[in-house]
Each structure stands twice: as C-alpha cells, then as structure tokens.
Amino acid sequence: MKIGMLITARNKSTRLPLKLLYEIGGKRVIDRVIERCKAVAFVDQVVLCTSPHPQDALLAETAFKHGIYYFTGDPEDVLLRLYDAATFFSLDYVLSITADDPFFSVEYANRLANQAKLTAPDYMTVEGLPIGAGLYGIRYEALKTVIEFKHRTDTEIWGYWLNRPDLFDVHLFQAEAGEARDIRLTLDTADDLAFLRSLAEHLSPHGGMSYRSLLSAADRMPAELFVNRHVQQLKPPDAVIEDINERYAKKRELFVAIKEGNYLKQRRNR
C-alpha cells in the first residue's frame with residue numbers, strides 16, 4: 001500500500017491573489033502546509049500538485065526547496081490532476097489537502113492514513129471539524145472510476161463525485177467530543193488571513209502542530225479577532241450538483257461497469 005499526500009495548489013485566487021505566499025506567524029502559507037504534510041504518519045510520498053502555468057512556477061520551486069516532489073497537471077480539472085499525479089507516482093491511496101489550509105489537523109490526517117492501510121475505503125473524510133482542519137482520502141481505483149465516468153471538468157470542489165455511500169465504500173470519521181469549533185481555518189479572503197495571523201500569535205510556542213493546542217489558542221482569543229465569521233464557503237451552483245446527481249441516476253449501469261472493471265484489474269494485479 002503506497003500512500004501519497006497530494007497538495008492541490010495554484011496561484012490563481014481572485015478573492016485574495018497569491019494567497020499561498022502570504023506569511024502567517026513568520027511562515028508562508030504554502031510552507032506551513034508542506035511542513036504539516038511531511039509530519040503525517042504512514043505517508044510514502046508528499047507531492048505538490050500544481051499547473052504548468054508560469055504563475056505557478058514559484059510553487060514548484062517551493063516544493064523542491066522542501067525536498068518533496070511536484071507535479072504539473074490540468075489547471076482546472078482538479079480531480080484529473082490528482083488522478084494523473086497518483087498514476088505517475090504509482091499510488092494506491094491518496095490523501096488530498098488543499099494548500100489553503102495551513103492549520104489542517106495532522107492527528108486526523110494520521111487517522112485517515114491508518115484507515116487507508118487497514119481497509120482502503122473508496123472515500124474518507126472527517127465530519128464536525130472546522131473548515132480547513134480536515135482532509136480527504138481516496139482509493140486509486142475509486143478515483144480512476146470517477147475520472148472515466150464524469151462528464152465535467154469543473155472539479156475544484158469535487159466531493160459530490162465520491163461521497164456516495166450507495167455507490168462507494170465511504171468511511172466518515174467524526175470529530176472527537178470537544179474538538180468541534182465554529183471557526184474557519186481555511187484561507188480565501190483578507191479577513192481569513194487576518195484571523196489566521198491572530199491565531200498564530202496566540203499559539204503556544206510549545207504546542208507544535210497539535211490540533212488541541214490550536215483549539216486552545218482559538219479559545220483564548222477575544223471575540224473581536226474572529227473577523228472571518230461572515231465569510232461563506234464556496235460551493236458549486238445548485239445546477240452543477242443537480243447535473244452530477246442526474247449523471248449518476250441516468251448512467252448508473254455505465255458507472256457500475258466502469259467500477260467493476262477497475263476493481264477487477266486491481267484484484268488481478270495483486
């Protein structure tokens with residue numbers, strides 16, 4: 001079982017241009033994400049997945065400086081970029097994190113990696129964590145099946161393709177009691193940046209990458225510093241979600257045939 005931690009990263013943000021290059025607590029956002037990915041257990045490969053666009057060249061250079069690989073794939077179709085990277089590096093399982101999440105939980109990432117080694121579910125995520133604290137797990141055959149089945153290329157938000165318990169083996173972790181917070185730990189806007197910088201200032205110097213240490217810091221912050229509570233998390237338009245649902249409803253037999261073929265090949269290759 002070869003597990004890869006794939007970081008999806010582009011320098012194309014419009015709400016906060018070049019957001020991955022901003023510093024939070026003395027470190028750039030992209031550097032924080034890479035450092036956390038390298039700390040996740042059971043991971044064989046950390047790969048920064050970006051595009052061949054010139055604006056993303058600096059991200060590739062950053063990966064090189066951190067001693068990890070980078071992969072330049074499709075600029076817009078994130079699922080295809082993940083699949084091509086997983087294929088190139090011969091991965092059996094993908095842990096996916098966006099570079100917008102500089103404080104994602106290493107502890108929960110460890111749980112997903114361990115579950116991947118134990119049962120290799122088709123799709124995994126964590127429910128109940130703040131936005132930006134969790135991540136996703138995808139079995140290679142499930143990713144390949146979606147790539148061969150989907151009819152859209154706008155997959156920046158792609159969970160709707162895989163979080164389908166009637167079609168895939170879905171494993172949902174629940175956040176531990178006391179570890180849920182109504183806060184945003186992801187970076188999309190200037191207000192997110194201001195909050196994350198304030199959070200970094202309140203972190204204990206002895207807390208390391210501990211998620212509980214991060215929560216303790218948030219609990220110590222005065223209410224006026226939570227300046228990003230109003231920020232709405234982007235999601236696909238309702239018409240896109242309906243189109244995906246319709247694709248699965250009308251083409252179920254095609255999906256089943258594709259999936260059976262991919263999983264049969266995997267069993268034969270063992």
Side-chain angles (χ1 to χ4, degrees), residues 1-11 20 27-52 56-75 77-126 132-147 155-156 158-159 162 169 171 173 208-209 262-263 265-266 269-270:
M1 168 67 70
K2 185 178 182 182
I3 300 175
M5 190 92 181
L6 303 189
I7 308 166
T8 52
R10 292 284 320 276
N11 269 330
L20 304 183
K27 292 182 180 181
R28 295 184 308 169
V29 172
I30 187 62
D31 297 316
R32 284 187 174 275
V33 173
I34 292 174
E35 288 176 1
R36 283 181 175 258
C37 288
K38 292 173 71 173
V40 177
F42 308 119
V43 169
D44 300 289
Q45 200 101 56
V46 177
V47 183
L48 189 145
C49 300
T50 188
S51 87
D56 294 326
L58 185 58
L59 298 177
E61 293 175 10
T62 299
F64 180 79
K65 289 178 181 178
H66 279 274
I68 68 170
Y69 289 100
Y70 68 87
F71 181 86
T72 54
D74 193 283
D77 192 338
V78 175
L79 273 179
L80 180 59
R81 197 189 318 160
L82 290 172
Y83 170 71
D84 286 342
T87 301
F88 183 83
F89 289 100
S90 301
L91 302 179
D92 300 300
Y93 209 91
V94 168
L95 297 182
S96 173
I97 186 72
T98 75
D100 308 341
D101 299 339
F103 292 116
F104 78 87
S105 170
V106 173
E107 294 93 331
Y108 280 96
N110 288 341
R111 295 186 188 186
L112 265 67
N114 183 61
Q115 193 65 42
K117 294 182 72 70
L118 291 174
T119 64
D122 293 326
Y123 173 78
M124 289 190 289
T125 190
V126 186
L135 69 163
Y136 304 91
I138 320 169
R139 179 172 169 159
Y140 178 80
E141 289 78 19
L143 181 56
K144 186 174 190 293
T145 297
V146 169
I147 291 299
T155 62
E156 184 167 355
W158 48 261
L162 283 146
D169 175 21
H171 188 108
F173 286 88
M209 297 182 185
N262 286 330
Y263 282 66
K265 289 178 184 177
Q266 188 270 344
N269 291 334
R270 280 187 173 179

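Since we're looking at a predicted model, the values are computed, not measured.
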Should the pair Phe88 and Phe71 be assigned to parallel (<30°), tilted (30 to 60°) or perpendicular (>60°) ring geometry?
tilted
Return yes if some donor-acceptor pair links the side-chain N/O of Thr155 with the main-chain N/O of Val78 below 3.5 Å, else return no.
yes
For the pair Tyr83 (side chain) and Thr145 (backbone), establish whether a donor and an acceptor sit closer than 3.5 Å, ignoring hydrogens and angles.
no
Ile30 to Ala99 - nearest heavy-atom pair and separation
CD1-CB, 3.8 Å
Just wondering, do Phe103 and Arg36 contact through their side chains at under 4.5 Å, heavy atoms?
yes
Assert yes or no for the condition that the ring centre distance of Phe64 to Tyr69 is strictly below 6.0 Å.
no
Would you call Lys2 and Tyr140 a side-chain contact if the rule is heavy atoms closer than 4.5 Å?
no
Check: Arg81 side chain, Asp74 main-chain N or O, donor-acceptor pair, under 3.5 Å:
yes
Check the surroundings of atom OH in Tyr70: do more than 12 heavy atoms from other residues, nucleotides or ligands lie under 6.0 Å from it?
no
Measuring only between side-chain heavy atoms, which start at C-beta, is Met124 closer than 4.5 Å to Arg111?
no
Passing candidate, side-chain hydrogen bond (donor to acceptor under 3.5 Å, both in side chains) with Ser51, options Asp56, Thr8, Thr72:
Asp56
Main chain of Ala9, side chain of Thr50: is a donor-acceptor contact present, judged purely on distance under 3.5 Å?
yes
Hey, is the main chain of Ile3 close enough, under 3.5 Å, to the side chain of Asp44 for a donor-acceptor pair?
yes
Could you report the tightest heavy-atom contact between Met1 and Ala120, atom names first, then the distance?
CE-CB, 3.7 Å
Counting heavy atoms not belonging to Glu107, are there more than 12 under 6.0 Å from its CD?
yes
Per the side-chain contact (heavy atoms from CB on, under 4.5 Å) rule, which among Ser96, Cys37, Cys49 passes with Ile7?
Cys37
Which pair of heavy atoms, one from Glu141 and one from Asn262, lies closest together, and at what distance?
CG-O, 3.9 Å
Tell me, do Asp122 and Leu162 make a side-chain contact under 4.5 Å, heavy atoms counted?
no
Of the non-hydrogen atoms in His66 and Lys38, which two are nearest, and what is the gap between them?
O-NZ, 2.7 Å
